[in-house]
Amino acid sequence: MTTLSRPRRFQITRVWARNFRSIADASLDLDQLTVLVGPNASGKSNLLDILRFVKDALRFDLEAAISMRHGFDAIRRIGPDSPSSEVDIGLRAIVSVAPSVADHFVIDYGFTLASNVEGGHRVTQEYAIVHLGEQSSVAPFVFRIEDGRLTSPGSSLPPDDTQPDQWQDDEEPLVYDTQELSLRRLMRPLVLGRFQSSAEEDGQFTIYSRPVDTMLRRIAAMRFYHIFPNTIREPQRLDNPYPLNEDAGNLASVLRDFERSPGNTIDRLKGSLGRLVPGVSDLELTSAGGYLVVRLKHENEHGGGWIDLSQESDGTVRLLGLLTALHQRRTLPLIGVEEPELTVHPGALTALADELKEKSRSSQLIVTTHSPDLIDRITDFRDVDSLRVVELIKGATEVNVVSGAQKEAVMRHLFSPGELHRQGELETFGALQ
């Protein structure tokens with residue numbers, strides 16, 4: 001179990017999946033900054049999608065999360081190395097509900113999906129196993145729903161023959177829809193009220209439900225960005241200013257909020273953009289026919305001028321979207337960024353890496369990349385502890401840390417991490433320990 005001397009209020013330390021997309025059976029240990037390194041089609045995005053799938057299921061619902069991925073058969077891996085037809089997904093998180101280090105919890109959360117007779121999906125189990133700290137001798141407390149019924153803790157279940165019409169209008173029996181994730185509903189005060197008693201297990205239920213609810217809410221608040229310039233080039237209607245949508249479709253509204261809010265968020269953003277895009281000195285928003293238009297000011301030997309995003313390069317537009325995601329006024333618990341180096345000039349990679357590392361001090365950050373140059377700048381050419389090597393072996397995605405021998409070579413300055421990646425050595429030997 002991962003040990004933290006000063007646990008953050010929320011951090012995911014491990015994620016795992018079985019029979020999910022290209023993943024037959026894999027687990028991924030996560031740091032505050034984790035960089036997934038591997039060639040195209042190795043499964044980096046699928047590893048990140050484990051967390052994104054859980055987030056979508058909790059933020060919207062499970063059916064919507066599966067539909068976004070074109071149905072259950074599209075996410076379920078079927079092959080000789082996947083004898084089971086079930087999909088298992090899970091994660092481990094450290095959660096603190098108070099400032100004291102002694103009050104943090106370690107929670108394993110996961111669920112299993114199977115196909116139903118109609119060709120859709122059903123939830124065969126959903127669980128949260130709560131440990132009181134990493135080294136506690138106290139037995140973990142378990143929440144578990146199997147086939148729609150709460151099976152752990154079990155002493156407070158209503159009688160098996162309880163019918164919905166026996167409850168008051170504002171109540172519901174502890175039986176859940178097997179096509180949805182239900183554990184978060186179990187944390188509702190109405191349900192918790194049924195577990196208020198002198199029984200030790202019932203008292204534990206109310207104590208341990210708080211960190212589980214905190215974890216589920218923070219998972220739902222995670223965001224994963226893979227920004228395409230065409231989504232944000234054109235004028236946008238006023239929208240919700242927080243958080244930035246994963247496609248940056250509300251970019252103009254977020255920037256408008258930056259401008260109107262106290263503090264210097266907009267000034268920091270402009271400074272970062274100027275460092276990454278030489279010549280850009282300012283940013284402004286104008287209104288036109290009910291739409292917001294974003295314009296950037298460019299300085300040159302002729303004095304410069306203002307240019308709409310519709311006329312900017314792909315690299316500049318992507319960087320503005322990415323920097324806006326990193327500079328959001330409220331801290332997101334976890335941010336995923338896919339291939340931030342795309343369409344970015346090599347000269348800007350050092351400043352981009354600095355932005356990513358700075359953001360990882362406040363939000364947990366996962367980055368996917370196959371750029372040797374970005375790898376070297378994120379690792380400062382020597383520290384490979386944040387790297388995870390992703391490979392496609394016999395059609396299945398595998399992930400591991402950099403091998404001991406390669407780590408030693410980097411520490412002795414024989415190679416940089418990027419040089420190993422460029423030569424294909426990380427893909428070939430990265431899983432050896």
Side-chain angles (χ1 to χ4, degrees), residues 2 8-38 42-62 64-69 74-77 87-95 106-113 123 126-129 181 183-184 212 214-227 243-247 325-326 328 331-340 356 359-360 362-369 386-388 390 397-400:
T2 302
R8 295 178 178 267
R9 299 298 296 273
F10 175 78
Q11 181 171 336
I12 295 177
T13 60
R14 182 177 300 168
V15 61
W16 59 85
R18 184 172 60 90
N19 296 340
F20 180 75
R21 311 195 79 165
S22 66
I23 302 164
D25 191 355
S27 65
L28 169 64
D29 289 330
L30 298 174
D31 295 324
Q32 190 63 15
L33 170 62
T34 304
V35 183
L36 302 181
V37 180
S42 59
K44 300 187 299 297
S45 294
N46 288 344
L47 285 166
L48 197 60
D49 197 47
I50 299 172
L51 286 174
R52 191 174 191 169
F53 180 69
V54 178
K55 181 268 298 182
D56 288 342
L58 292 173
R59 182 185 174 203
F60 306 112
D61 57 47
L62 183 58
I66 292 174
S67 295
M68 291 175 188
R69 292 156 179 83
I75 68 169
R76 180 180 56 178
R77 176 180 175 79
V87 176
D88 289 321
I89 289 177
L91 58 87
R92 172 168 291 174
I94 293 180
V95 179
V106 179
I107 305 174
D108 291 334
Y109 171 70
F111 51 86
T112 302
L113 307 177
V123 183
E126 183 186 8
Y127 64 88
I129 303 172
L181 298 180
L183 195 57
R184 189 172 180 182
V212 172
T214 298
M215 175 196 68
L216 296 175
R217 286 187 288 106
R218 292 183 179 173
I219 291 173
M222 302 184 302
R223 292 296 183 270
F224 300 86
Y225 294 101
H226 195 182
I227 296 171
L244 180 70
N245 294 344
E246 293 183 338
D247 65 355
L326 298 179
Q328 294 182 75
T331 300
L332 293 170
L334 184 147
I335 297 175
V337 181
E338 293 207 57
E339 300 182 346
L356 293 169
K359 185 58 186 177
S360 71
S362 57
S363 295
Q364 189 172 7
L365 197 64
I366 306 175
V367 177
T368 72
T369 183
S386 64
L387 298 184
R388 301 292 182 270
V390 184
T397 295
E398 296 189 9
V399 58
N400 218 310

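- Residues A57 and A65 approach most closely at N-CB, 3.7 Å, considering heavy atoms.
- Contacts of Y225 classified as ring-ring contact (aromatic ring centres under 6.0 Å, His included), with partners at least two apart in sequence or in another chain: none.
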Checklist entry - Can you list the steps and then say if F111 with V87 is a side chain to side chain contact (heavy atoms under 4.5 Å, CB included)? => result CA-CA 8 Å; F111 51 86; V87 176; over 6 Å; no
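- Counting heavy atoms from C-beta outward, I50 and I23 have side chains that approach closer than 4.5 Å.
- Atom CG in L47 sits 14.0 Å away from atom CH2 in W16 (nearest 0.5 Å).
- Listed by chain and number, the residues in a side chain to side chain contact (heavy atoms under 4.5 Å, CB included) with S67 are E63 (sequence neighbours excluded).
- Evaluation of the salt bridge (charged side-chain N to carboxylate O under 4.0 Å, His left out) rule for D25 yields no partner, not counting sequence neighbours.
- When all heavy atoms of I12 and M222 are compared, the closest pair comes out as CD1-SD, 3.7 Å.
- Side-chain contact check for L28 versus L30: some heavy-atom pair is nearer than 4.5 Å.
- Pairing each heavy atom of I89 with each of F20, the nearest pair is CD1-CD1, 3.7 Å.
- A donor-acceptor contact shorter than 3.5 Å links the side chain of Q32 to the backbone of S360.
- A distance-only check finds a donor-acceptor pair linking the side chain of K44 to the backbone of G38 [under 3.5 Å].
- Between the side chain of E338 and the backbone N or O of S45 there is no donor-acceptor pair closer than 3.5 Å.
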Which pairs would a plain distance check flag for residues 214-221, meaning a side-chain donor or acceptor within less than 3.5 Å of a matching protein atom at least two apart in sequence or in another chain?
residue : atom : partner : partner atom : Å
T214    : OG1  : R210    : O            : 3.0
R217    : NE   : D213    : OD2          : 3.1
R218    : NH1  : R9      : O            : 3.0

Item to check | Steps toward side chain to side chain contact (heavy atoms under 4.5 Å, CB included) verdict (R69, R52) | outcome: CA-CA 11 Å; R69 292 156 179 83; R52 191 174 191 169; 3.7 Å; yes
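- Judged as a salt bridge (charged side-chain N to carboxylate O under 4.0 Å, His left out), and not counting sequence neighbours, R223 has no contacts.
- Of all non-hydrogen atoms in G43 and V390, the two that sit nearest each other are C-CG1, 4.0 Å.
- Using modelled atom types, one side-chain atom of E246 and one backbone atom of F224 make a donor-acceptor pair closer than 3.5 Å.
- One distance of note links CD of Q328 with CD1 of I335; it measures 6.0 Å at 0.5 Å rounding.
- Looking at residues two or more places apart in sequence or on another chain, you find a side chain to side chain donor-acceptor pair (under 3.5 Å) between T369 and E341.
- To the nearest 0.5 Å, atoms CG (L181) and CG (L58) are separated by 6.0 Å.
- Applying the ring-ring contact (aromatic ring centres under 6.0 Å, His included) test to Y109 and every residue at least two apart in sequence or in another chain returns nothing.
- Taking all atoms of both residues into account, the shortest heavy-atom contact from L356 to P340 is CD1-CG, 4.2 Å.
- Residues that satisfy the salt bridge (charged side-chain N to carboxylate O under 4.0 Å, His left out) test with K359, not counting sequence neighbours, are absent from this structure.
- Counting all heavy atoms, side chain and backbone alike, Q11 lies closest to D31 at NE2-C, 3.8 Å.
- Atoms NZ and CG, on K55 and D49 in that order, are 9.5 Å from each other to the nearest 0.5 Å.
- By the side chain to side chain donor-acceptor pair (under 3.5 Å) test, Q364 is found to be paired with no residue, residues two or more places apart in sequence or in another chain being considered.
- Residues that satisfy the side chain to side chain donor-acceptor pair (under 3.5 Å) test with S42, not counting sequence neighbours, are absent from this structure.
- Going from atom CZ of R388 over to atom CG of N400 covers 8.5 Å, rounded to the nearest 0.5 Å.
- Panel note: side chain R92, backbone V106; no donor-acceptor pair is recorded below 3.5 Å.
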Next on the checklist: If you apply the rule side chain to side chain donor-acceptor pair (under 3.5 Å), what do you find for T397 with N46, and how did you get there?
Outcome noted: CA-CA 9 Å; T397 295; N46 288 344; 5.0 Å; no
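- Contact check for L62 versus L113: side-chain heavy atoms found under the 4.5 Å cut-off.
- Remark: T112 engages E86, D88, T124, Q125 in a side chain to side chain contact (heavy atoms under 4.5 Å, CB included) (not counting sequence neighbours).
- Annotation: side chain to side chain donor-acceptor pair (under 3.5 Å) contacts of S386 (sequence neighbours excluded): none.
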